[in-house]
Structures are given as structure tokens and as C-alpha cells.
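So the structure is just underneath, and the comments pick up after that.
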Amino acid sequence: MLKQNLQQKLLQKLSPQQIQFIKLLQVPTVSLDTRIKEELEENPALEDLSLTNLNEPEEQYPDRDPDEDTYNSDEESGEYDEFNIDEYLQEDNVNDYGSRYDQNGDDEEDRKEIPIAIQNSFFENLQAQLDLLPLSDHDFRIGQQIIGSLDDDGYLRRPITSLTDDLAFSQNVMAEDEEVEEMLKVIQTFDPPGVGARTLQECLLLQLRRKDQSDPIIKKATLVVENYLEEFTRKHYDKLERSLNMNSEELRAVIGEILKLNPKPGDASSVTTKQLQVIPDFHITNNDGRLILTLNAKNAPELRVSRSYQEMFEHYDKASQKDKKMKEAVQFVKQKLDSAKWFIDAIKQRQQTLLKTMNAIMQYQYDFFLTGDERNLRPMILKDIADRIGMDISTVSRVANSKYVQTEHGTFLLKSFFSEAIQTESGEEVSNKEVKKILEECIGGEDKRHPLADEKLTEILKERGYNIARRTVAKYREQMNIPVARLRREV
């Protein structure tokens, strides 16, 4: 039986311009250049002036001061007037959105590409060692399959039977599990030591067995890894001393020998070209006690709408006779021009939003940026900044989660300036970062033979006027990646 119902729903839909702005807002400076290049490739109506005017002298674009920017609320809402070709017409030498931005004094030296040393990968090194062995074609292909099945850490985490099946189905090589096992033992003799292990214990043992077994410390280290690895990882040192009849000095030497081993042998030979490169989005300088904020526009080239597309649109628009193909051409060109203008406007809005948000954060944490002392950080949540700049909390979150600011005290992720408030005995509200700093100092100065438990750390904080619970202390310790007292103990 069919029924008809009348329902009323309240829906909020974002315009294409708003979606484009949101996506651009969360892109960090280091990735913005790539995003702009993608747009240039997709939209022929968009041009990069730095590419079209290669013969002209390069201009410098000073950083934009927050006070100079005006924020257009119509742009934020995505409301635009009807298409007007005059909006697109610009002089060749006019910078569309970056004319007041600086590259922060970057000279030719800074812009040179960093050379990368050519080096074999971890898997290439293993393959080169396999090539040197006098193996039959059958064993060689088994060895290749094993090397190709290792993970980036150098471990073989797949069962032998799976490798045997892969050899049969993908390479038509019929092998027994025992043959694969024997070939694995051969690969486990390769460099770096520990490669081809199936567990952490096997990895450490492979490395220890290559050392001088006549050395009593190496012998006892091998016994610890072979029979007491769990006790070692849990730092139950008293049990190790009793079980292996060692004194504290011998135990210290054994622990030192084990800690020299590499738990991830694959990392030793990997090419380290994918290093995290942090390019600050903002710069804060201290000019005799006055903070000056500038925006890094290094990855923001000058963009404009293509003049050839403008002329093409004018030609089509003025045509006396318009057939179906002509109308489709006009619609296509108009769409590309609209898209180019929207992208340029989104870039402008992104930069204005970044400056507005960062300026509010700088004013809120002014004392910290002057001194660099974490104890001067005020409690601050996303809502505090959102209320100051009249934007949504989600907008502030997108800015804070992926943007960095460079100061004379270091480079910081904006997210690190946000913290919860803690009330002292005197009733004053302080940032939880101040408490974390005290915890870090207490743990850093503790006796490692008798590390401070969370209960003791709670007592120390209470003595200093911070009345917080033990579970809160444990939460802060975990956030700082500091293990419990038992795991911080040293012999």
C-alpha cells in the first residue's frame, strides 16, 4: 500500500566556490604550489604570469600586513554578481592577488634545488647480494620472491605457505615449503643484519649471532633475547639478574649491547628522500617589542585570467549569428573564465583568512611570541579565536591543523598554541602546557634508578599549587609520549 507523506527538511548546501575555498584553506604552503599547478593544467583560461612573462625582470612582492587586508563577506558566502567580462580584463603588469606579498627575502641561493645523492634502495641492495650467489635458476627465483615479499622494515610477515603459492600461481615455479625456508635462511645472512626476520625476537637474534659468541656479554645478551625478551621489554631487571646470575654492572653491559641492535633493519639502507619539509606559512618578527606578522607567499604565483580566452569570449559574444555550436563554445569559454575567477578569488580569500586567524592568535598569545616562554601561553580554545574573527570554529580548525609560524624562538604548528585551562589554588587560570612543562622538568631531573610514579608527580604539582588528579597527570604524560615510571627505569 502506497502512502504519501509531506516532510519539511532544513538542508545546508555549499556552493562550488565555498567548497573550493574550504579545500584550499586546509592546504599548507608546501602543497599549495602543487595545487595551483593542477588548476593551471585543468583550466586553460587560467595563467601564471611568472611563466608568461619570463623575459620580464622578476619583481619582489612584499609580505602583506594584516591591517592592509579587507575581508569580503560576500566572497565568504560564495555570492557573486552576474558574469561581467570587464571583471576579467587586467593589464599585463597587474598582479592579480599577490602584488603586496613577499618571498621573505629569498635570494637565488635559497631557491636552488637541494641535490639528492643517488643511492640504491633497500630492495636493490638485497637483489645485488642475491645476484652474487651461485644459485640455480629455481633457487634464484625463490630468493627474488622472498625479497619482494619483505616489508619496508625488512621483515617477512607472510607465512611460507603463501610464498609457495605465489611462486606456483604467478611464476609457475613449483617449490616445497622446505626449499623456501632454506632460501630464507640464505637471505637472512645478507646485510643489513636482521633482514628477513619474521619476528622482533628473530631479528635481534640474527644480529647477535653475528657477533663474537666467545664474549660473555654477547652470550648473556643472546640468552636474554632468546628466553627473557618479555621481561627485558618490561624492565623486570631484578628477575633477569636472578635468572642469569648477573650483577648490576653485567646487566648494564647486556642492556647496552641489546640497545645497540636495530629493530628495523630495513630502515638502515632506505633512501631518505621523503623527509618532512616544513615551510612556515607565517613569519613573526620582533621589532623592539612590537610584533610584526607577515604571510609567506613563496608558493603563490601571480595568476590572471587568460587574455586569449577573454578575446575569444568577446569574439563569440559579438557574433551576429549564433548557431548551436557557437552557443556551446560561448558556454564553454564562459565556464572556464568563471572557474578561473573563482579560483583566483578563493586564493585571495584563503590568504585573507589565514592572516586574519593568525593575527588573532598572535594578539591572544602576545606575551609568548615576545618571550618564547611556554609559561606565558594563555589557555586558548578554537572558540576564542573564532569569536574574535567572526568565523566558524571549523574554519579556525582548518587553519590551525596544518599551518606553521616561524618566530625568533622557533617554528611552531598553530595547533600547539591551543590548550585547556587549569585553575591554580589562587584561582588563576593557566594553560595546561605550563603543567606539562613542569612535568617534563620533573621527569627530566629524576633519578632514573627510582623514577617518579604518577602519584609522586601529582604530589609535586599540588605542592606547586596545581590541584589536578592523578589520571590527568597520566593523560598529560601520555600526550608527551613519556612512558610510565617502570619503563623509565635504568640500571
Side-chain angles (χ1 to χ4, degrees), residues 151-157 159 185 188 192-268 435-463 468-491:
D151 63 16
D152 291 336
D153 292 336
Y155 284 79
L156 178 66
R157 304 197 187 271
K185 290 179 181 178
Q188 287 176 347
V195 69
R198 286 159 285 189
T199 63
L200 173 62
Q201 184 180 42
E202 185 178 19
C203 179
L204 301 179
L205 286 173
L206 286 171
Q207 296 176 61
L208 283 169
R209 285 168 182 162
R210 292 202 193 185
K211 296 179 180 285
D212 183 7
Q213 292 299 313
S214 63
D215 186 338
I217 297 300
I218 299 297
K219 272 188 175 181
K220 288 185 177 179
T222 304
L223 285 173
V224 169
V225 173
E226 200 165 15
N227 302 311
Y228 302 98
L229 186 59
E230 185 175 353
E231 287 79 2
F232 174 80
T233 54
R234 293 180 178 275
K235 295 197 174 184
H236 292 158
Y237 295 143
D238 295 339
K239 185 175 180 179
L240 291 177
E241 287 180 353
R242 290 194 306 269
S243 301
L244 297 174
N245 194 24
M246 291 187 293
N247 55 37
S248 297
E249 189 173 333
E250 286 178 311
L251 179 61
R252 192 178 299 112
V254 167
I255 293 172
E257 199 63 46
I258 296 174
L259 292 178
K260 291 177 186 176
L261 306 177
N262 185 4
K264 295 181 179 180
D267 287 346
V435 176
K436 289 181 180 180
K437 187 71 175 176
I438 296 172
L439 285 175
E440 190 176 14
E441 291 172 355
C442 291
I443 294 172
E446 69 185 2
D447 181 0
K448 294 303 179 183
R449 290 173 297 181
H450 305 285
L452 299 172
D454 290 345
E455 291 82 0
K456 181 62 179 175
L457 292 171
T458 305
E459 292 175 10
I460 293 173
L461 288 172
K462 285 183 178 178
E463 290 171 2
I468 59 178
R470 186 203 61 80
R471 64 178 178 274
T472 307
V473 171
K475 182 180 77 171
Y476 290 165
R477 176 180 51 72
E478 290 170 0
Q479 288 175 352
M480 294 187 291
N481 294 320
I482 298 175
V484 295
R486 176 172 53 79
L487 297 181
R488 300 199 305 271
R489 183 187 166 203
E490 297 178 2
V491 180

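The basis for the numbers below is simple: all heavy atoms, side chains too, and nothing from hydrogens, waters or symmetry mates. Along the sequence shown, residues are numbered consecutively beginning with 1. Small disclaimer: the values here were computed from a predicted structure and weren't measured.
- Taking both residues in full, the closest heavy atoms of L208 and A221 are given as CD1-O, 3.8 Å, listed atom of the first, atom of the second, then distance.
- With a 4.5 Å cut-off on side-chain heavy atoms, I482 and Y476 do not count as touching.
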Side chain to side chain contact (heavy atoms under 4.5 Å, CB included) evaluation trace for I443 with K448: CA-CA 9 Å; I443 294 172; K448 294 303 179 183; 4.2 Å; yes
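- Taking the salt bridge (charged side-chain N to carboxylate O under 4.0 Å, His left out) definition, one finds that K475 meets it with nothing, sequence neighbours left out.
- Shown here for L244 and Y228, the closest heavy-atom pair between the two residues is CD2-CE1, 3.8 Å.
- For CZ of R234, the number of neighbouring non-hydrogen atoms (other residues, nucleotides, ligands) closer than 6.0 Å is 12 at most.
- L261 approaches K211 most closely through the heavy-atom pair CD2-CE, 3.8 Å.
- The CG atom of L461 sits 4.5 Å away from atom CD1 of I468, with the distance rounded to the nearest 0.5 Å.
- Taking CG from L240 and CD from E231, the interatomic distance works out to 6.5 Å, rounded to the nearest 0.5 Å.
- Applying the salt bridge (charged side-chain N to carboxylate O under 4.0 Å, His left out) rule to K437 yields no partners; only residues at least two apart in sequence or on another chain are considered.
- With hydrogens and angles ignored, the 3.5 Å screen pairs a side-chain donor or acceptor of D215 with a backbone N or O of I217.
- Note: I258 CD1 to L229 CG = 8.0 Å, rounded to the nearest 0.5 Å.
- Between I255 and K260, every side-chain heavy-atom pair lies at or beyond the 4.5 Å cut-off.
- Shortest non-hydrogen contact noted between T222 and Q213 is OG1-OE1, 3.9 Å.
- Around atom CG of N247, more than 12 heavy atoms belonging to other residues, nucleotides or ligands sit under 6.0 Å away.
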Can you give me every donor-acceptor pair (side chain of residues 192-207, partner residue at least two apart or in another chain, under 3.5 Å) with its distance?
residue: R198; atom: NE; partner: E202; partner atom: OE1; Å: 3.4
residue: R198; atom: NH1; partner: E181; partner atom: OE2; Å: 2.9
residue: R198; atom: NH2; partner: E181; partner atom: OE2; Å: 3.1
residue: R198; atom: NH2; partner: E202; partner atom: OE2; Å: 3.2
residue: T199; atom: OG1; partner: E202; partner atom: N; Å: 3.1
residue: Q201; atom: NE2; partner: V225; partner atom: O; Å: 2.8
residue: Q201; atom: NE2; partner: E226; partner atom: O; Å: 3.0
residue: E202; atom: OE1; partner: R198; partner atom: N; Å: 2.8
residue: E202; atom: OE2; partner: Q188; partner atom: NE2; Å: 3.1
residue: Q207; atom: OE1; partner: N262; partner atom: N; Å: 3.0
residue: Q207; atom: NE2; partner: C203; partner atom: O; Å: 3.3
residue: Q207; atom: NE2; partner: N262; partner atom: O; Å: 2.7

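- When all heavy atoms of C442 and I460 are compared, the pair lying nearest together is SG-CG2, 3.8 Å.
- With rounding to the nearest 0.5 Å, the separation of CZ in F232 from CG in L259 is 5.0 Å.
- Among residues two or more places apart in sequence or in another chain, the side-chain contact (heavy atoms from CB on, under 4.5 Å) test is passed with R470 by D454, E455, T458, A474.
- For E478, there are no salt bridge (charged side-chain N to carboxylate O under 4.0 Å, His left out) partners two or more places apart in sequence or in a different chain.
- Counted within 6.0 Å of NZ on K219, heavy atoms from surrounding residues, nucleotides or ligands total 12 or fewer; the atom is thus considered open.
- Between L457 atom CG and R477 atom CZ the span is 8.0 Å, to the nearest 0.5 Å.
- Interatomic distance, Q479 CD to K436 NZ, rounded to the nearest 0.5 Å: 4.0 Å.
- In this structure E250 satisfies the salt bridge (charged side-chain N to carboxylate O under 4.0 Å, His left out) test together with K220, sequence neighbours excluded.
- For the pair R157 and D151, the tightest heavy-atom approach, listed with the atom from each and the gap, is NE-OD2, 2.5 Å.
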